[in-house]
Amino acid sequence: MTEVSLLGEVRIIIDSARANAVRTVDFCRVQMYWKIGQRIVEEEQKGEARAEYGKFLLKNLAKALEPLYGSGFSYRQLNFSRQFYLEYPKVNALRSQFNWTQYRALIQIPDKDKREYYELEAANNNWTARELERQIHSHLYERLLLSNDKEAVLAMARKERIPQTAVEIVKDPMVLEFLGLERRAHYYESDLETEIMNHLQEFILELGNGFTFVARQKRILLEDDEFFADLVFYNRLAKCFVIIELKTGKISHNDLGQLQMYVNYYDRCEKLPEENPTVGILLCAEKNDTLVKMSLPEDNRTIVAAHYLEYLPTEAQLVREVEAVRRMVNSKPLADEA
């Protein structure tokens, strides 16, 4: 063994030990807050007026503990500890890979199904605390519910089923606040594409589970004509290629036709027999749902148009999205209205 290879192996041992030590310390902190919460709740239950007594108890504890141990034992943190124990009463069910920041984000989600979804996805995808908070603040769960039912979303998070259609693996809208795009009237598709490549890790996080990058500006030669697909990914869960075309303006039926051609090419020339049909995503700044509906076959399962937001959406904006989708689903075909 050379001195260089020995050095490399020793460094791996040291780095691994340090990472394990950090995880151990983080989980010890989680257990500490759980035990504090347990004792607070047990003490509260001895009081007659629990709500008032509990508030009084927390304030007195914080007043005594904070000067000794710092802000980690403030009234707010002690209240989180209490809530933590109430939401996760079984200490053996706590996940050792989660730190206190992650659990603190989870316990602030009142909807139990929604909390379960984020907990499962954070565990399945090894999200950091920052990534978990970003997904919560971008309303990932609500965006998935725009095009899927709750049972399907939870089943995929529980690994009970894999995505079956393009709609199940595409969020609409997609949130691209991490690109830091300037607020201006017009910019080119190449600008958007460049920023996505510069933030590829964040973009794959936004795309969702199972995505891997394949190509940028994939050249497709058809006799003497050449075309370039903007971005190509592969989803290992759905076992299919995913082609993304970027449009910074309003989409047209020509855009959908071009994307369909790319999808057909991949299905006929790139896809293996055991793989599923290619999915095409037209990612645009402005979407016309009726145009999309009329441009694609009624049995379409592989082409999806989704629009992107350059900022984190508010809950009110997501509500408007839900209403828009409902109106689209409930609308009658144009031929019937004539």
Participant: Okay, side chain of N79, backbone of L58: is any donor-acceptor separation there less than 3.5 Å?
Facilitator: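 Checked: no pair found.
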Participant: Could you tell me whether a side-chain N or O of Y118 sits under 3.5 Å from a main-chain N or O of L140, the two making a donor and an acceptor?
Facilitator: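 Yes: the side chain of Y118 pairs with the backbone of L140.
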Participant: Are any side-chain N or O atoms of D225 and backbone N or O atoms of F227, one a donor and one an acceptor, separated by less than 3.5 Å?
Facilitator: no
Participant: Just by distance, no angles: are the side chains of N264 and Q260 close enough, under 3.5 Å, to form a donor-acceptor pair?
Facilitator: yes
Participant: Would you say the side-chain atoms of T24 and R29 include a donor-acceptor pair closer than 3.5 Å?
Facilitator: no
Participant: Quick check against the 3.5 Å criterion: does K171 have a side-chain atom that pairs as donor or acceptor with the backbone of E206?
Facilitator: yes
Participant: Report yes or no: do V279 and V232 belong to one cluster of Ile/Leu/Val/Met/Phe/Trp/Tyr joined by side chain heavy-atom distances under 4.5 Å?
Facilitator: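 They do not share one cluster, since no chain of ILVMFWY contacts under 4.5 Å joins V279 to V232.
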Participant: Hydrogens and angles aside, do Q258 and E245 bring a side-chain donor and acceptor to less than 3.5 Å of each other?
Facilitator: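 Per modelled atom types, Q258 and E245 side chains form a pair under 3.5 Å.
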Participant: Closer than 3.5 angstrom, by distance alone: can the side chain of N124 be matched with the main-chain N or O of L120 as a donor-acceptor pair?
Facilitator: yes
Participant: Checking E275 against F241 for the side chain to side chain contact (heavy atoms under 4.5 Å, CB included) test, could you report, in this order, the C-alpha distance in whole Å, the side-chain angles of both residues, the deciding distance, and whether it holds?
Facilitator: CA-CA 9 Å; E275 292 176 327; F241 286 102; 3.9 Å; yes
Participant: Could you state whether I109 and W34 fall into the same hydrophobic cluster, counting links through intermediate Ile, Leu, Val, Met, Phe, Trp or Tyr residues with side-chain heavy atoms under 4.5 angstrom apart?
Facilitator: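 Yes; tracing contacts between hydrophobic side chains, which count when under 4.5 Å, links both residues.
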Participant: Side chains of E119 and Y88: is there a donor and an acceptor less than 3.5 Å apart?
Facilitator: yes
Participant: Is the backbone N or O of W127 less than 3.5 Å from a side-chain atom of Q102, with the two atoms forming a donor-acceptor pair by type?
Facilitator: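 Judged by distance alone, yes, a pair lies under 3.5 Å.
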Participant: Using only atom types and a distance under 3.5 Å, with no angle test, would you say the side chain of S16 pairs donor to acceptor with the backbone of I12?
Facilitator: no
Participant: More than 12 heavy atoms of other residues, nucleotides or ligands under 6.0 Å from CD of E42: is that the case?
Facilitator: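 Yes, because the 6.0 Å sphere around CD of E42 holds more than 12 heavy atoms from other groups.
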Participant: Please confirm whether the ring centroid of Y234 lies under 6.0 Å from the ring centroid of F211.
Facilitator: no
Participant: Could you walk me through whether L192 and Y308 pass the side chain to side chain contact (heavy atoms under 4.5 Å, CB included) check?
Facilitator: CA-CA 11 Å; L192 178 59; Y308 61 85; 3.9 Å; yes
Participant: Going by atom types only, do R130 and T101 share a side-chain donor-acceptor pair under 3.5 Å?
Facilitator: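 Per modelled atom types, R130 and T101 side chains form no pair under 3.5 Å.
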Participant: Step through the shown structure and confirm whether more than 12 heavy atoms of other residues, nucleotides or ligands are within 6.0 Å of CZ on R236.
Facilitator: no
Participant: Verify side chain to side chain donor-acceptor pair (under 3.5 Å) between N209 and N125, making sure each step is shown before the conclusion.
Facilitator: CA-CA 7 Å; N209 294 340; N125 298 288; 2.8 Å; yes
Participant: Linking I/L/V/M/F/W/Y whenever any side-chain heavy atoms sit under 4.5 Å apart, do I136 and F98 land together?
Facilitator: yes
Participant: Salt-bridge test for R301 and D299: reply yes if a basic N is under 4.0 Å from a carboxylate O, no otherwise.
Facilitator: no
Participant: Return yes if some donor-acceptor pair links the side-chain N/O of D230 with the main-chain N/O of L246 below 3.5 Å, else return no.
Facilitator: yes
Participant: Mind checking what makes side-chain contact (heavy atoms from CB on, under 4.5 Å) contact with E226, not counting sequence neighbours?
Facilitator: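 R219, L221, F228.
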Participant: Is there a path from I196 to I204 through hydrophobic residues (I, L, V, M, F, W, Y) whose side chains come within less than 4.5 Å of each other?
Facilitator: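 Looking at the clustering, I204 is in the same group as I196.
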Participant: How are the rings of F233 and F213 set relative to one another: parallel (under 30°), tilted (30 to 60°) or perpendicular (over 60°)?
Facilitator: perpendicular
Participant: Quick one: do R161 and E168 make a salt bridge, cutoff under 4.0 Å?
Facilitator: yes
Participant: Take E298 and K293 through the salt bridge (Lys or Arg N to Asp or Glu O under 4.0 Å) test and state the conclusion after the steps.
Facilitator: CA-CA 8 Å; E298 289 187 353; K293 185 177 179 180; over 6 Å; no
Participant: List the steps and the verdict of salt bridge (Lys or Arg N to Asp or Glu O under 4.0 Å) for E87 and K112.
Facilitator: CA-CA 9 Å; E87 298 295 348; K112 292 188 182 298; 3.4 Å; yes
Participant: Once you measure the plane-to-plane angle for Y103 and F84, does it fall in the parallel (<30°), tilted (30-60°) or perpendicular (>60°) bin?
Facilitator: tilted
Participant: Are N126 and Q97 close enough that a side-chain donor and a side-chain acceptor fall under 3.5 Å?
Facilitator: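 On atom types as modelled, these side chains do not qualify, holding no pair under 3.5 Å.
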Participant: With no hydrogens and no angle check, is any side-chain donor or acceptor of N276 less than 3.5 Å from a backbone partner on C240?
Facilitator: no
Participant: Output, in order, the C-alpha distance, side-chain angles, deciding distance and verdict of side chain to side chain donor-acceptor pair (under 3.5 Å) for R143 and S138.
Facilitator: CA-CA 9 Å; R143 286 186 288 137; S138 72; 3.0 Å; yes
Participant: Has N148 got a side-chain atom pairing as donor or acceptor with L144's backbone, closer than 3.5 angstrom?
Facilitator: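 It does hold such a pair.
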Participant: Output the distance between atom CG (L57) and atom CZ (R39), rounded to the nearest 0.5 Å.
Facilitator: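 Reported to 0.5 Å precision, the distance equals 9.5 Å.
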Participant: Give a yes or no on this: more than 12 heavy atoms of other residues, nucleotides or ligands lie within 6.0 Å of atom CD of E274.
Facilitator: yes
